[in-house]
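Take a look at the structure set out below.
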Amino acid sequence: MIIILRPEITPHSPEYRMLMDYLTNKPGIQTRLHQETGTLQTLTEVYLIGNTAALDKDEIENMPAVERVVRVSEEYRILGRHHDDRRPTGFDYNGVLFSQDSLNVFAGLCAVDTPEHVERMMKALRDHGQVCTRMGAYKPRTNPYSFQGHGRQCLPWVFELAGRYGIKVIAMEITHDSHLDEIRSALEQTGRPTGILIQIGTRNTQNFELLKIVGRQREFPVLLKRGFGITLEESLNAAEYLASEGNSRIIFGLRGMKTNMGDPHRNFVDFAHVPVIKRLTRMPICIDPSHSVGTRDRAPDGMLDLMHVTAQGVVAGANMVLVDFHPEPSRALVDGPQALTLEELPWFLEDVALAREAYEKRRLLCERHAGAHRL
Ligand code: PEP
Ligand code: MN
């Protein structure tokens, strides 16, 4: 059960004390306080764990501190979309809105290599009105002899360049909790020129200790990728791990599943799950066409498979696109063969905008028809 408090109630209010006294008298009930600071208000919620079936929802709802009570019957207590659940679906971070209704493109380098390439990428993004990017500093590689990323050493100059080109949010994968401190101190050292969306990659989706540590910090929101060889339910539970530790600013990323049925793509594209995850949870959904498709193959209509699947995800309502670009793909240190070029950036952005327009029109169409049929 989740108790949503009235906006003006804080843990110091007498009404809050009264609610807590009431709850401590109930046997087998534990409480956990959760506060979400938004631009307009701070949302305070009390999660109840234990024998909540015995509690009287109406009685709690009538207490002065309480705005609303949500009974959590399904899975994913914090992130789930429960019956009667009108809680918001998103968050603001560094001036960028992430929700189940917004759309942000994160085009950038799979792996940071040279300052020149990073600068050319960021300049192209700025010239096309983009304020988000992806930059991999810590790369989890299949082969131990492959380039592992420049790590903390590149962070200061990457962040400075981001500041110079108006990049507000960088999606950056971490593979160890010490990377959080490295990112924090590089931000500090450079005067916080940009924001970081911490990415947890598909190889770490079930690294529970990493999830707990990342979930305990509230400074950075998190992009959690779906595990490539586990069920959707297992991956959504991994997201719930982050939330249960206190950080519910989470975006869930689809990046394809590892199965030979996916051939000839690198992974089996799973963007049909965009609306499914929106139904199950309140997380914004990201699609990663690059790591799903993994090639620059083209259909007979002239369009890259990469652009086709991106459009498919966006038409289905995706909220974020994470995509590999490189100024000189043949010189990229990681994943060059799947990178789009800077010349393709305006084409890609326009294609995304077209798909988004189609999604918005489909929503209007749905309102007309579903309204008429009272769905
Ligand atoms: C990446 O985005 O660079 C990456 C390694 O992705 P994934 O975890 O989906 O393989
Ligand atoms: Mn990659």
Side-chain angles (χ1 to χ4, degrees), residues 104-113 117-118 121 132-144 146-151 154-155 158 169-176 179 183 196-207 210-211 214 220-230 232 234-236 238-239 242 250-259 262 265-271 273-274 277 283 285-296 305-306 309-310 313 318 320-341:
N104 296 294
V105 176
F106 281 66
L109 304 188
C110 179
V112 168
D113 45 25
H117 289 154
V118 171
M121 183 73 234
C132 300
T133 189
R134 58 159 294 147
M135 288 286 154
Y138 308 96
K139 298 306 301 177
R141 304 305 303 281
T142 304
N143 186 327
S146 304
F147 172 63
Q148 305 283 312
H150 284 313
C154 70
L155 301 180
V158 170
V169 186
I170 303 177
M172 181 173 279
E173 176 165 1
I174 63 163
T175 54
H176 191 271
H179 301 159
I183 289 173
I196 304 295
L197 170 63
I198 296 290
Q199 183 176 324
I200 295 185
T202 197
R203 291 159 188 80
N204 276 313
T205 308
Q206 283 191 313
N207 182 342
L210 180 64
L211 294 175
V214 173
F220 307 112
V222 186
L223 165 63
L224 176 72
K225 293 226 188 157
R226 177 186 194 165
F228 54 27
I230 57 177
L232 180 62
E234 285 164 333
S235 289
L236 294 178
L242 292 164
I250 307 167
I251 300 166
F252 189 79
L254 296 174
R255 47 82 70 216
M257 303 297 293
K258 221 175 201 7
T259 154
H265 291 158
R266 182 170 170 183
N267 289 288
F268 197 84
V269 182
D270 53 353
F271 301 168
H273 288 180
V274 168
I277 302 162
M283 289 183 281
I285 315 298
C286 171
I287 53 166
D288 176 344
S290 305
H291 292 82
S292 302
V293 169
T295 75
R296 288 184 48 91
D305 293 7
L306 263 166
V309 304
T310 302
M320 170 171 164
V321 181
L322 185 76
V323 54
D324 290 0
F325 272 73
H326 199 283
E328 291 188 48
S330 63
R331 291 174 58 202
L333 297 177
V334 184
D335 284 348
Q338 70 191 22
L340 296 169
T341 64

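Every value quoted in this text rests on a predicted model; they were computed, and no experiment measured them. In listed order, ligands and their atoms are each counted from 1.
- Taken to the nearest 0.5 Å, the CZ atom of Phe252 stands 4.5 Å off from the CG atom of Leu236.
- Not one N, O or S atom of Asp324 sits under 2.8 Å from the Mn ion (ligand 2).
- Proximity to Lys225 (heavy-atom distance under 4.0 Å) selects the following atoms of ligand 1: 1 (C), 2 (O), 4 (C), 6 (O), 7 (P), 9 (O).
- When the Mn ion (ligand 2) is compared with the N/O/S atoms of Asp335, atom OD2 turns out nearest.
- Taking a cut-off of under 4.0 Å to the non-hydrogen atoms of Lys139, the atoms of ligand 1 that pass are 1 (C), 3 (O).
- If you check which protein heavy atom lies closest to atom 5 (C) of ligand 1, you get Glu173 OE1, 3.5 Å.
- Heavy-atom proximity to Gln199, at under 4.0 Å, picks out these atoms of ligand 1: 1 (C), 2 (O).
- Heavy-atom contacts of Gly201 reach the following atoms of ligand 1: 8 (O) (cutoff under 4.0 Å).
- A distance-only check finds a donor-acceptor pair linking the side chain of Thr205 to the backbone of Lys225 [under 3.5 Å].
- Scanning the protein for heavy atoms near atom 8 (O) of ligand 1, the closest one is Thr202 N, 2.8 Å.
- A donor-acceptor contact closer than 3.5 angstrom links the side chains of Asp288 and His291.
- Side-chain contact of Asp113 with His326: a donor-acceptor pair under 3.5 Å is present, judged by distance alone.
- In this structure, Arg296 contributes its side chain and Pro337 its backbone to no donor-acceptor pair below 3.5 Å.
- Once rounded to the nearest 0.5 Å, the distance linking NE2 of His179 with CG of Leu210 reads 9.5 Å.
- Residues Asp305 and His265 have side chains that bring a donor and an acceptor to within less than 3.5 angstrom of each other.
- Those atoms of ligand 1 with a heavy atom of Cys110 less than 4.0 angstrom away are 3 (O).
- The single protein non-hydrogen atom nearest to atom 9 (O) of ligand 1 is Arg255 NE, 2.6 Å, given as residue, atom name and distance.
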